[in-house]
Amino acid sequence: MFLAWGRLCTRSCRPKFLKTVGASKILGLSTSAKMSLKFKNAKRIEGLDSNVWIEFTKLAADPSVVNLGQGLPDISPPVYVKEELSKISAIDNLNQYTRGFGHPSLVKALSCLYEKFYHNQINPNEEILVTVGAYGSLFNAIQGLIDEGDEVIVIVPFYDCYEPMVRMAGATPVFVPLRCKPVDGKTCSSSDWTLDPQELASKFNSKTKAIILNTPHNPLGKVYTKEELQVIADLCIKYDTLCISDEVYEWLVYTGNKHFKIATFPGMWERTITIGSAGKTFSVTGWKLGWSIGPKHLIKHLQTVQQNTVYTCATPLQEALAQAFWIDIKRMDDPECYFNSLPKELEVKRDRMVHLLESVGLKPIVPDGGYFIIADVSLLDVDLFDMKDSKEPYDYKFVKWMIKNKKLSAIPVSAFCNAETKSQFEKFVRFCFIKALTLHTRLHWQMPASSPPGSMLPASTLPYRCLAYLPPRFGRPDPG
Amino acid sequence: MFRNATAICLHLVGPLRGKKSGASLTRCLHQTLTPCSLCCLQLTMAKRLQARRLDGIDHNPWVEFVKLASEEADVVNLGQGFPDFSPPEFAVEAFQHAVSGDFMLNQYTKAFGYPPLTKILASFFGKLLGQEIDPLKNVLVTVGAYGALFTAFQALVDEGDEVIIVEPFFDCYEPMTLMAGGRPVFVSLKPSPIQKGEPDSSSNWQLDPTELASKFTSRTKAFILNTPNNPLGKVFSREELELVASLCQQHDVVCITDEVYQWLVFDGFQHISIASLPGMWERTLTIGSAGKTFSVTGWKVGWVLGPDRLMKHLRTVHQNSIYHCATQCQAAVAQSFEREQLHFGQPSSYFVQFPQYIQRCRDHMIQSLQSVGLRPVIPQASYFLITDISDFKNKMPDLPGAADEPYDRRFVKWMIKNKGLMAIPVSTFVSVPHQKFFDHYIRFCFVKDESTLRAMDQKLKKWKAELMP
């Protein structure tokens with residue numbers, strides 16, 4: 001069977017090709033210069049290779065460090081969620097491909113759930129897309145709808161992937177910062193941080209293709225009010241702009257606050273993609289399932305991206321997620337429903353963390369939603385002399401100092417800012433509080449309240465070391 | 001009412017298109033024409049919605065056939081490429097272990113791959129490729145081999161770059177090239193003439209070396225190799241790979257090699273990874289699939305192996321697209337590979353047993369198809385075989401379908417409706433200008449349960465009876 005090939009590719013052919021290969025090697029420098037050009041990255045990812053998480057994950061990998069930087073729970077997902085997945089792992093045909101745009105029982109469950117919040121029915125096949133996490137939804141939306149030369153408004157601080165994803169699509173991010181107007185004497189809250197309507201309006205023009213909204217907000221924990229969303233909606237309609245609304249923390253809203261979906265505002269359904277996350281909804285970040293909901297004329301473009309990128313998401317996880325949704329959909333008003341019980345549980349953790357941070361002289365911004373708190377660390381006036389030559393923002397230096405000296409890690413908030421706005425946020429550091437209360441207790445030991453500001457006890461004087469909450473063989477998870 | 005509303009919208013929007021007054025028009029329409037169709041409101045978005053990178057790639061050839069098969073009663077689905085039998089027990093157990101063990105496996109793992117998985121992939125494939133593979137620098141875990149392909153294209157293919165694709169090809173290569181702004185350059189595998197009465201074989205299909213060489217230009221960025229090949233089932237021989245390798249080196253081209261069917265090789269043929277050839281590791285990205293390796297296509301775990309200077313660009317795409325892959329699926333794949341490493345090369349290895357079993361399925365299908373006058377091309381490997389339907393094309397040239405619809409598509413639709421069998425037209429796997437050369441072939445998947453193959457036999461028996469005068 002090799003004879004036919006032998007006839008076609010005879011000895012006379014091969015030396016000719018090999019001779020040419022030899023000749024090109026003689027070209028030396030010009031070849032290697034040509035080579036380095038050919039192996040260069042595509043232009044779309046130029047400058048997008050660095051990533052704040054890689055640096056800080058490495059630093060925080062030491063098991064003695066209390067890691068409050070990562071945005072993932074170290075508490076167990078609800079028992080019934082784990083049980084569903086366990087049951088499903090025994091079902092044969094769920095080990096094979098499912099529908100590319102979303103497993104049928106999952107899109108049906110999502111449709112049923114979200115119809116309760118939207119004013120219209122949601123077609124599970126045409127108005128929902130299941131993606132690889134909310135991250136995948138962001139990618140599909142941006143790749144599907146944002147073109148080279150478009151402008152996309154990004155509110156600062158922002159979940160760090162928005163900027164590189166917009167740039168990868170060849171578009172220009174246009175930044176507008178949230179600004180703090182604290183009320184004197186009162187604890188600062190995420191609701192004190194607002195957009196200036198005139199400043200926001202000035203960012204819109206005829207090139208603006210979309211605005212990315214994140215509510216509840218990471219890292220601030222801000223929950224946009226109805227009035228704030230109306231301002232954004234009015235501008236989207238006036239400038240004929242899309243809205244990509246990242247609502248992964250939609251269930252994590254604390255007392256006195258309400259999550260509003262901008263897609264439910266008049267004139268907004270037809271121009272909004274709303275993104276959700278199984279990871280944040282059910283505390284299963286490792287399942288990497290998210291979804292986009294929107295009108296058919298927008299979702300179809302995200303579906304085109306899907307069929308040319310990953311094609312489909314994991315079947316058994318989608319089925320388990322569907323079953324978990326059905327359980328909670330049936331008891332939406334029940335305190336046992338995870339959509340109600342998790343925010344209650346987290347509000348306690350939030351308050352505890354706020355108290356702890358205040359007790360050591362940090363100034364936390366109390367979040368109205370989400371699972372992060374940012375705190376002003378500048379009041380500690382920590383001596384960062386040995387890093388004085390570093391050009392990094394203050395919060396980067398502070399976190400590195402804190403990891404090294406206090407065995408505590410967090411994420412610098414300027415990581416969620418563009419170059420120009422870093423200086424506005426460099427005195428803030430982000431802590432994640434969806435952690436076991438035992439971890440909060442350990443945090444208390446590493447940052448005793450009795451010490452004056454600036455003199456936190458060094459970790460080496462502690463009677464014990466912080467336990468790694470992952471066995472070493474599983475490695476350290478990356479932050480979200 | 002919809003038509004009238006649309007007409008009104010078009011009339012009003014026409015002169016205003018592109019101007020900023022779109023907003024007030026929307027409000028006006030919303031107030032005056034409620035309940036106006038949402039499609040109508042869509043027209044007031046004066047800007048073009050979708051990005052230009054989606055031009056020409058929105059069509060999905062599978063949708064039509066899947067829909068047809070689901071609409072007809074009692075169709076034996078031999079079209080789509082996934083097993084309808086259980087994965088091996090050790091894989092199922094591995095997944096059960098992953099989902100019921102440490103609860104932290106429900107959370108994110110390392111972005112570029114769950115450490116035990118990247119470790120075992122590095123050691124397993126390091127031995128096969130004769131290469132020291134670093135789990136952190138040379139391995140990336142992706143959402144299926146499909147995700148690996150996408151990541152590779154996005155990382156390396158720029159606007160105007162040429163990408164050589166061998167026809168027939170797994171259908172996503174072309175749209176992925178286009179989405180990256182690249183220009184696909186096709187070169188066809190062609191069958192050599194065979195003796196009358198002798199069955200055709202995938203090994204008989206070859207590239208013409210002169211034609212192949214002519215496709216390489218200074219703009220060629222990548223060569224997409226798929227061995228074993230889908231849909232043909234061809235296993236590229238060492239000589240063929242050496243030819244591709246020498247051209248890639250001569251023209252300084254990256255080789256992206258899709259080797260998802262590497263374990264499913266029959267008749268004593270050997271799969272060879274081009275990355276193991278001299279001078280190729282440094283310019284090759286080798287793609288694999290847990291789905292095809294362990295019959296778990298629904299887990300969507302794939303990987304890329306390659307030199308760091310290429311892999312770093314894939315990592316950049318990965319961290320800006322999906323960032324992580326599902327932890328528990330990766331854990332299950334890691335455990336499955338660990339099991340296989342212990343059994344490698346022995347009769348108890350799944351990589352020994354599975355191809356033996358599937359070869360029998362292949363042979364069963366070949367015989368059955370031949371009984372109705374279809375002429376299967378015997379595949380050396382993979383899940384699929386293609387079948388020559390020329391005799392039917394001669395006897396029934398005018399099957400219903402659109403004017404420019406290739407014959408094989410029309411034949412498949414007819415076969416679904418009239419014979420209760422589903423296959424995939426091979427023109428799906430060919431560039432549009434070359435479809436006429438392949439429109440007398442259809443693709444069947446034989447990685448199916450015994451009961452499915454028996455159901456196929458029933459349909460073919462009935463078909464054969466209908467052929468009798």
Should [X] and [Y] count as side-chain neighbours, where that means a heavy-atom distance under 4.5 Å?
X	Y	result
A:R44	B:Q154	yes
B:P87	A:D92	yes
B:N60	A:Q303	no
B:L49	A:L242	yes
A:K288	B:C325	no
B:V317	A:M168	yes
A:D74	B:M104	yes
B:L310	A:F39	yes

Measure [X] against the heavy atoms of chain B and call it side chain, backbone, both or neither at under 4.5 Å.
X	result
A:S50	backbone
A:A169	both
A:S86	both
A:D49	both
A:Q318	neither
A:E148	both
A:A90	both
A:I142	backbone

Region of [X] in contact with chain A, defined by heavy-atom distances below 4.5 Å:
X	result
B:P307	neither
B:V157	backbone
B:F294	neither
B:Q80	neither

What is the distance from atom [atom1] of [X] to atom [atom2] of [Y], rounded to the nearest 0.5 Å?
X	Y	atom1	atom2	result
A:L72	B:N106	CG	CG	11.5 Å
A:Q70	B:Q107	CD	CD	10.0 Å
A:T98	B:F82	OG1	CZ	9.0 Å
B:H313	A:E46	NE2	CD	9.0 Å
B:N320	A:I45	CG	CD1	8.5 Å
A:K209	B:R48	NZ	CZ	7.5 Å

Taking all non-hydrogen atoms of both residues, which atom of [X] and which atom of [Y] are closest, and how far apart?
X	Y	result
A:N51	B:Q319	CB-NE2, 3.6 Å
A:A42	B:D158	CA-OD2, 3.4 Å
A:I146	B:R53	O-NH1, 2.8 Å
B:W299	A:P316	CD1-CG, 4.3 Å
B:K221	A:K40	NZ-O, 3.5 Å
A:T312	B:K300	O-CE, 3.1 Å

Considering only heavy atoms and a distance below 4.5 Å, find which of [options] pairs most often with chain A.
options	value
B:G291, B:C329, B:A180	B:A180
B:Y146, B:F103, B:F85	B:Y146
B:A155, B:A332, B:G279, B:G147	B:A155
B:V99, B:L149, B:D84	B:V99
B:S321, B:S100, B:A331	B:S321
B:C172, B:P83, B:G81	B:P83

Please rank [options] by heavy-atom pairs under 4.5 Å with chain B and give me the top one.
options	result
A:M165, A:Q143, A:K82	A:Q143
A:S283, A:G290, A:G170	A:S283
A:D147, A:V310, A:T131, A:L298	A:D147
A:N308, A:T315, A:L302	A:N308

Return yes if some donor-acceptor pair links the side-chain N/O of A:Q96 with the main-chain N/O of B:T297 below 3.5 Å, else return no.
->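 Yes; at least one donor-acceptor contact below 3.5 Å.
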
Determine whether more than 12 heavy atoms belonging to other residues, nucleotides or ligands lie under 6.0 Å from atom CD of B:E159.
->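 Atom CD in B:E159 is not packed in, count stays at 12 or less.
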
Check the angle between the aromatic planes of B:Y323 and A:Y135 and answer parallel, tilted or perpendicular using the 30° and 60° thresholds.
->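 The rings of B:Y323 and A:Y135 sit tilted, inter-plane angle from 30° to 60°.
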
